[in-house]
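Hydrogens, waters and symmetry mates are skipped; everything else that's a heavy atom, side chains included, is used.
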Amino acid sequence: MQQKSFEKYLHMLRRKVEIALNQWKATAEHNPLVIKGCRQCGKTYSVVNFAKENYRHVVYINFFEDPGYQDIFAR
């Protein structure tokens, strides 16, 4: 029983994130997107999944896995 309750809670959170991302996308001339939250809570998964569902091309850059990418933004 507890597992079903937990899954329902996760679905509610996932839906809340999806709504926020869709509202951001629908805003004309929207600002850059900043996602904040604790470690390992699904931030990257949510944004990458949203991007793949809503855009034809998606670029994901991970500065921790490949610090060399930081040079792109050094100037």
Side-chain angles (χ1 to χ4, degrees):
M1 188 68 152
Q2 227 174 359
Q3 182 66 22
K4 286 186 179 187
S5 176
F6 181 71
E7 288 173 6
K8 182 179 178 183
Y9 179 71
L10 280 178
H11 179 72
M12 287 175 17
L13 286 176
R14 212 174 274 135
R15 185 72 188 129
K16 190 173 182 179
V17 170
E18 290 172 4
I19 290 169
L21 290 171
N22 283 315
Q23 287 175 342
W24 170 82
K25 182 183 177 203
T27 302
E29 299 181 26
H30 52 253
N31 291 324
L33 182 63
V34 177
I35 305 291
K36 299 190 304 183
C38 62
R39 294 182 72 232
Q40 302 291 313
C41 67
K43 297 180 299 291
T44 301
Y45 173 83
S46 296
V47 173
V48 170
N49 190 50
F50 169 79
K52 287 179 179 178
E53 290 178 357
N54 290 278
Y55 298 98
R56 191 180 326 179
H57 303 287
V58 177
V59 176
Y60 171 68
I61 301 172
N62 187 323
F63 295 109
F64 293 108
E65 288 182 9
D66 194 341
Y69 288 135
Q70 294 177 12
D71 294 340
I72 297 170
F73 298 96
R75 298 178 192 192

Salt bridge (charged side-chain N to carboxylate O under 4.0 Å, His left out) partners of E18, counting only residues at least two apart: R15
Separation between SG of C41 and NZ of K43, rounded to the nearest 0.5 Å: 4.0 Å
Could you list the donor-acceptor pairs under 3.5 angstrom formed by side chains in residues 57-68, with sequence neighbours left out?
{"residue": "Y60", "atom": "OH", "partner": "N62", "partner atom": "ND2", "Å": "3.2"}
{"residue": "N62", "atom": "OD1", "partner": "F64", "partner atom": "N", "Å": "2.9"}
{"residue": "N62", "atom": "OD1", "partner": "E65", "partner atom": "N", "Å": "3.0"}
{"residue": "D66", "atom": "OD1", "partner": "G68", "partner atom": "N", "Å": "3.2"}

Y69: ring pair (Phe, Tyr, Trp, His ring centres under 6.0 Å) partners, not counting sequence neighbours: none
If you count heavy atoms of other groups shown closer than 6.0 angstrom to NZ of K25, is the number above 12? yes
Which ILVMFWY residues are connected to F50, directly or by a chain of links, through side-chain heavy atoms under 4.5 Å apart? V17, L21, W24, L33, I35, V47, Y55
Could you measure the distance from the CG atom of N22 to the OG1 atom of T27? Nearest 0.5 Å is fine. 10.5 Å
